[in-house]
Amino acid sequence: MTRKHLIAAIVLSMAAPSLEAQKFEGLAPTPPMGWNSWNKFACDVDEALIRETARAMVSSGMKEAGYQYVNIDDCWHGERDERGFIQPHPERFPSGMKALADYVHSLGLKLGIYSDAGWKTCGGRPGSRGREFQDAATYAEWGIDYLKYDWCDTEGLAARGAYLTMRDALFAAGRPIVLSICEWGDNDPWQWGAEIGHLWRTTGDIYPCWDCEHDHGTWSSWGVLRILDMQDGLRGHAGPEHWNDPDMMEVGNGMSASEDRAHFSLWAMLAAPLIAGNDLRTMSAETRAILTHEEVIAVDQDPLGIQGFKYRDHGDVEIWFKPLAGEDWAMLVLNRGEEPAGVTFDWSHEEVADDLSDRSASFHRGRVFELRDLWAQASLGTTRRPLEATVPPHDVLMLRLDRLAGEGGRDGSEG
Ligand code: GLA
């Protein structure tokens with residue numbers, strides 16, 4: 001081998017790992033759960049807030065309910081140093097990110113951070129463009145566990161390639177880090193996101209209102225129902241390790257209790273990431289009870305990872321179903337309107353089936369389920385009798401349907 005060939009071989013072998021780069025698997029078998037600073041605090045973040053929030057995540061019972069990521073959104077940044085390494089803001093994060101990660105880890109939680117594929121973040125802080133590998137290595141060294149990667153100031157960039165670069169950079173850095181793709185659904189991330197990230201935003205930003213558009217001049221943010229309606233047609237793209245992300249939650253940020261409950265229930269039916277966006281340190285008992293509701297979380301976190309679907313649309317009233325493991329189902333009746341809505345659902349006449357997962361509830365063929373009202377935590381009998389209920393305005397009825405053993409066959413032909 002000549003010297004020239006040797007150098008070529010070394011260069012090729014150094015390049016090889018990046019050719020094999022891939023997304024870290026095993027980080028999001030069910031939708032990620034955590035908290036993010038943006039919805040409530042915007043750019044007003046510092047290390048005291050993050051430490052206090054991590055402590056509140058434990059003391060409120062959220063950790064026990066399954067939440068684990070404490071995610072710092074935009075504006076944690078200081079400047080790059082003379083070698084180009086990004087620094088946290090010296091006054092807001094004086095102890096540095098490694099110390100913060102160590103602290104969050106000491107509570108059994110994980111730390112997330114935020115960057116942007118462009119030159120600048122949406123808040124005007126340094127983006128990762130041209131510094132992807134350097135930034136990923138920095139995050140890995142700090143002990144970061146989750147990266148939300150935004151899409152401001154990216155003119156001329158191709159989204160898939162830009163996110164692929166950060167995926168490869170994270171892989172090269174060697175620390176398993178969840179990659180949250182945040183380009184607002186502009187470039188159909190559901191078409192290419194599964195091999196790159198663990199979740200992708202499907203829409204523009206959420207706003208804490210039931211059904212409004214909040215106009216910011218050049219862009220809008222959206223109420224819960226607006227975001228819900230934008231999920232139409234996307235469920236086939238999501239599943240374990242790759243989730244549709246209808247944005248972080250606004251529970252506890254000013255809507256009514258029933259609207260918060262409906263929002264949380266809908267996100268669970270969508271198998272959405274459950275990223276709280278309120279002040280965990282001061283939340284009310286009511287907000288805490290919503291965010292930590294074990295049985296609703298279990299619908300979101302069901303191991304099948306099948307996103308729910310709208311079964312019937314009566315205008316203001318919608319009926320949704322979600323297949324669950326063990327042949328169970330979740331059902332949700334949504335009242336979008338301003339008046340109480342009476343609902344009758346005669347199971348024996350309904351053919352609830354999901355072509356995507358090839359599952360059928362088979363009520364019409366005699367399969368019987370026990371009905372549990374998840375918010376009331378009460379039994380509502382079985383599917384042998386029609387369901388009759390009144391759903392208050394801006395609220396939901398959410399049920400779990402537990403299949404009764406021996407009642408109706410696997411294919412619905414017995415029993
Ligand atoms: C974008 C994102 C938000 C938030 C802000 C931060 O708008 O969609 O979720 O991260 O940027 O500036």
Side-chain angles (χ1 to χ4, degrees), residues 31-46 49-50 53 69-78 86 88-89 92-93 111-129 135 139 144 146-155 157 159 162-163 166 177-190 193 197-209 212-224 226-227 230-231 234 243-254 263 267 270 272-279:
M33 293 175 66
W35 171 90
N36 174 293
S37 53
W38 184 257
N39 285 354
K40 177 72 185 177
F41 298 98
C43 274
D44 194 12
V45 288
D46 59 28
L49 170 68
I50 301 308
T53 298
Y69 294 102
V70 180
N71 294 347
I72 315 169
D73 206 279
D74 206 349
C75 305
W76 58 266
H77 319 67
I86 188 70
H89 191 281
R92 289 181 172 271
F93 293 88
L111 184 65
I113 214 167
Y114 162 101
S115 189
D116 186 288
W119 297 110
K120 288 210 152 106
T121 71
C122 298
R125 308 312 199 261
S128 290
R129 189 165 181 181
D135 283 354
Y139 306 151
I144 299 294
Y146 185 115
L147 173 66
K148 173 174 165 185
Y149 202 47
D150 213 341
W151 192 240
C152 277
D153 203 17
T154 52
E155 207 172 311
L157 279 190
Y163 283 93
M166 185 43 90
I177 292 181
V178 171
L179 178 54
S180 159
I181 297 171
C182 177
E183 54 73 85
W184 320 305
D186 284 0
N187 304 275
D188 298 351
W190 43 86
H198 302 89
L199 58 160
W200 51 80
R201 280 274 296 278
T202 54
T203 70
D205 289 4
I206 195 169
Y207 193 80
C209 65
C212 72
E213 173 177 354
H214 187 78
D215 187 357
H216 299 262
T218 53
W219 58 287
S220 289
S221 48
W222 308 95
V224 166
R226 300 295 185 99
I227 299 248
M230 293 176 205
Q231 309 310 310
L234 300 183
W243 305 100
N244 285 319
D245 173 11
D247 206 359
M248 307 167 300
M249 296 186 289
E250 293 282 15
V251 174
N253 281 344
H263 171 25
W267 264 230
L270 292 171
L274 296 180
I275 309 292
N278 59 315
D279 189 341

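What you see is a predicted model, and the numbers here were worked out from it, not measured in a lab. The first residue in the sequence is number 1, and the count goes up from there. All ligand and atom numbering here is 1-based and tracks the order in the structure.
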Review point. What atoms of ligand 1 come within less than 4.0 Å of a heavy atom belonging to Met248?
Key: 9 (O)

Check your understanding: Which protein heavy atom lies closest to atom 3 (C) of ligand 1, and at what distance to 0.1 Å?
Key -> Asp205 OD2, 3.5 Å

Check your understanding: Considering only heavy atoms of Lys148, which atoms of ligand 1 have at least one such atom less than 4.0 Å away?
Key -> 3 (C), 4 (C), 9 (O), 10 (O)

Check your understanding: Which one of Asn36, Asp73, Asp245, Asn71 has a non-hydrogen atom at the shortest distance from atom 10 (O) of ligand 1?
Key -> Asp73

Study note, to complete from the structure: Looking only at protein heavy atoms, what sits closest to atom 1 (C) of ligand 1 is Asp150 OD2, 3.0 Å

Point to revise | Separation of Ile227 CD1 from Ile206 CD1 (nearest 0.5 Å) | key: 5.0 Å

Review point. Which of the atoms in ligand 1, numbered in the order shown and given with their element, are less than 4.0 Å from a heavy-atom of Trp38?
Key: 4 (C), 5 (C), 6 (C), 12 (O)

Check your understanding: Between Trp200 and Asn244, is any side-chain donor less than 3.5 angstrom from a side-chain acceptor?
Key -> yes

Practice item. List in chain and number order the residues that pass salt bridge (charged side-chain N to carboxylate O under 4.0 Å, His left out) with Asp247, two or more places apart in sequence or in another chain; answer none if no residue qualifies. Key: Arg201

Check your understanding: Do His216 and Ser221 have side-chain N/O donor and acceptor atoms under 3.5 Å apart?
Key -> yes

Exercise for review: Taking atom types as modelled, find out whether Tyr114 and Asn71 have a side-chain donor-acceptor pair closer than 3.5 angstrom.
Suggested key: no

**Study point:** Subset of ligand 1 atoms that lie under 4.0 Å from at least one heavy atom of Arg201
**Key:** 8 (O), 9 (O)

Review point. Any idea which part of Cys152 is under 4.0 Å from ligand 1, heavy-atom wise: side chain, backbone, both or neither?
Key: neither

Study note, to complete from the structure: Ranked by distance from atom 12 (O) of ligand 1, the top protein heavy atom is Asp74 OD2, 2.8 Å

Point to revise | Residue that, paired with Trp38, satisfies side-chain contact (heavy atoms from CB on, under 4.5 Å) out of Val45, Asp73, Ile275 | key: Asp73

**Study point:** Non-hydrogen atom of Trp151 closer than 4.0 Å to ligand 1
**Key:** no

Review point. Trp119 versus Asp153: any side-chain heavy-atom pair under 4.5 Å?
Key: yes

Study note, to complete from the structure: One finds that the ligand 1 atoms under 4.0 Å from a non-hydrogen atom of Gly123 are 12 (O)

Study note, to complete from the structure: Residues at least two apart in sequence or cross-chain that pass side-chain contact (heavy atoms from CB on, under 4.5 Å) with Asp46, listed by chain then number, are Ala48, Leu49, Arg92

